[in-house]
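One structure below.
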Amino acid sequence: MARADALGDISTALENGETAEAQTMLDALGEDATAPEAQLLQGRLWVQTNQLDEAFELLSEVADARPDNADAQYWLGAAAGSLAANVSMFKAGKYARIVKRAFTRTIELDPEYADAYAGLISFHLQAPRIVGGSKKEAQALAEKLQTLDPLQGGLSLVDVYR
């Protein structure tokens with residue numbers, strides 16, 4: 001199996017929640033596992049399996065190496081957001097800035113990346129104003145998301161108005 005095919009299979013396994021199978025396939029990559037594309041998949045796997053410190057560290061490296069890769073930015077934001085939800089209020093501020101920057105960068109790179117809009121909306125609804133949260137911005141993003149994905153956008157608008 002070619003490396004590109006293997007990476008596609010790993011991505012599909014992750015999308016289907018088959019984390020054990022994805023890890024087995026990542027382990028089988030051998031030296032190809034150090035490629036940024038494979039490291040991105042490893043980081044996604046760690047986010048999905050709640051290995052958040054490892055995911056954040058690896059995805060930070062991948063996002064730095066691939067600043068124009070929307071997926072790398074998105075998954076860095078996802079890892080930072082998960083960490084922010086599970087640490088003290090003092091440490092959460094550090095991660096909150098990373099979440100906002102990563103999801104914003106994802107949208108700059110790919111204006112139709114619906115999951116990044118959802119992540120940024122969640123950030124704005126949960127983060128205090130001092131770290132950049134804004135219900136007004138959440139509403140504007142939810143309205144934009146509704147044009148990209150009517151269901152997800154509509155659900156986000158419900159969250160905004162709640």
Side-chain angles (χ1 to χ4, degrees), residues 7-8 10-19 22 36-162:
L7 295 175
I10 295 165
S11 182
T12 299
L14 290 171
E15 289 166 13
N16 293 331
E18 299 166 349
T19 55
E37 297 83 6
Q39 290 181 326
L40 174 58
L41 293 170
Q42 182 67 61
R44 282 178 58 187
L45 172 71
W46 284 339
V47 169
Q48 287 180 241
T49 58
N50 249 358
Q51 297 175 61
L52 300 175
D53 290 323
E54 296 89 344
F56 179 75
E57 185 176 324
L58 182 60
L59 290 165
S60 293
E61 293 172 13
V62 174
D64 286 346
R66 298 277 200 260
D68 294 332
N69 183 305
D71 286 331
Q73 299 301 318
Y74 172 79
W75 284 101
L76 173 60
S82 294
L83 277 169
N86 293 301
V87 296
S88 72
M89 181 173 54
F90 299 107
K91 287 185 179 181
K94 167 191 160 187
Y95 293 118
R97 287 185 290 281
I98 295 167
V99 170
K100 184 176 181 183
R101 184 175 59 238
F103 287 150
T104 299
R105 181 68 178 140
T106 302
I107 293 168
E108 288 170 0
L109 293 168
D110 183 354
E112 296 186 4
Y113 206 120
D115 288 340
Y117 282 92
L120 196 51
I121 291 164
S122 180
F123 164 81
H124 280 293
L125 291 175
Q126 294 176 20
R129 289 185 69 183
I130 196 165
V131 294
S134 165
K135 296 206 183 340
K136 186 177 180 179
E137 185 63 23
Q139 180 178 349
L141 289 163
E143 289 169 357
K144 173 63 178 171
L145 177 56
Q146 195 169 30
T147 66
L148 300 173
D149 182 333
L151 177 60
Q152 192 172 16
L155 293 172
S156 291
L157 279 170
V158 168
D159 287 342
V160 168
Y161 293 128
R162 196 174 346 159

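Residue numbers count from 1 along this sequence. Quick caveat, the model's predicted, so the values are computed rather than measured.
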Close side-chain approach of [X] and [Y], heavy atoms under 4.5 Å:
X     : Y     : result
Trp75 : Val62 : no
Val47 : Leu59 : yes
Glu15 : Gln48 : no
Thr12 : Glu18 : no
Glu37 : Arg66 : yes

What's the separation between atom [atom1] in [X] and atom [atom2] in [Y], rounded to the nearest 0.5 Å?
X      : Y      : atom1 : atom2 : result
Tyr117 : Glu112 : OH    : CD    : 8.0 Å
Thr19  : Ile10  : OG1   : CD1   : 13.0 Å
His124 : Leu141 : NE2   : CG    : 5.5 Å
Leu52  : Leu83  : CG    : CG    : 5.0 Å

How close do [X] and [Y] get, heavy atom to heavy atom, and via which atoms?
X      : Y      : value
Ala72  : Leu40  : CA-CD1, 3.8 Å
Asp149 : Ala114 : CB-CB, 4.4 Å
Lys135 : Val160 : O-CG1, 4.3 Å
Leu45  : Ala22  : CD1-CB, 4.4 Å
Ile98  : Ala80  : CG2-CB, 3.8 Å
Ile107 : Ala116 : CG1-CB, 3.8 Å

Subject >> Residue pairs passing the salt bridge (Lys or Arg N to Asp or Glu O under 4.0 Å) test where at least one lies in residues 116-134, sequence neighbours excluded >> reply: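 Of all non-adjacent pairs touching residues 116-134, none passes salt bridge (Lys or Arg N to Asp or Glu O under 4.0 Å).
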**OP:** Run the numbers on Asp159 and Leu125 for side-chain contact (heavy atoms from CB on, under 4.5 Å), then give the verdict.
**Re:** CA-CA 8 Å; Asp159 287 342; Leu125 291 175; 3.9 Å; yes
Subject >> Pairs touching residues 83-101 that satisfy side chain to side chain donor-acceptor pair (under 3.5 Å), sequence neighbours left out >> reply: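 Matches after skipping sequence neighbours: none remain.
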Subject >> Intermediate values then yes/no, side-chain contact (heavy atoms from CB on, under 4.5 Å), Gln152 and Asp115 >> reply: CA-CA 9 Å; Gln152 192 172 16; Asp115 288 340; 3.6 Å; yes
**OP:** Please list, chain by chain and in numerical order, all residues satisfying side chain to side chain donor-acceptor pair (under 3.5 Å) with Glu143, sequence neighbours excluded.
**Re:**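 So Glu143 forms a side chain to side chain donor-acceptor pair (under 3.5 Å) with Gln139.
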Original post:
Any donor-acceptor pair under 3.5 Å linking the side chain of Ser11 with the backbone of Leu7?
Top reply: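 It does not hold such a pair.
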Subject >> Reference residue Arg105; test side-chain contact (heavy atoms from CB on, under 4.5 Å); the match among Leu76, Asp68, Asp110, Asn69 >> reply: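 That would be Asp68.
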Subject >> Crowding at CD, Glu108 (>12 non-hydrogen neighbours, <6.0 Å) >> reply: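 Above 12, so yes.
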**OP:** Answer yes if the ring centres of Tyr74 and Tyr113 are under 6.0 angstrom apart, and no otherwise.
**Re:**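 Tyr74 vs Tyr113: aromatic centres under 6.0 Å.
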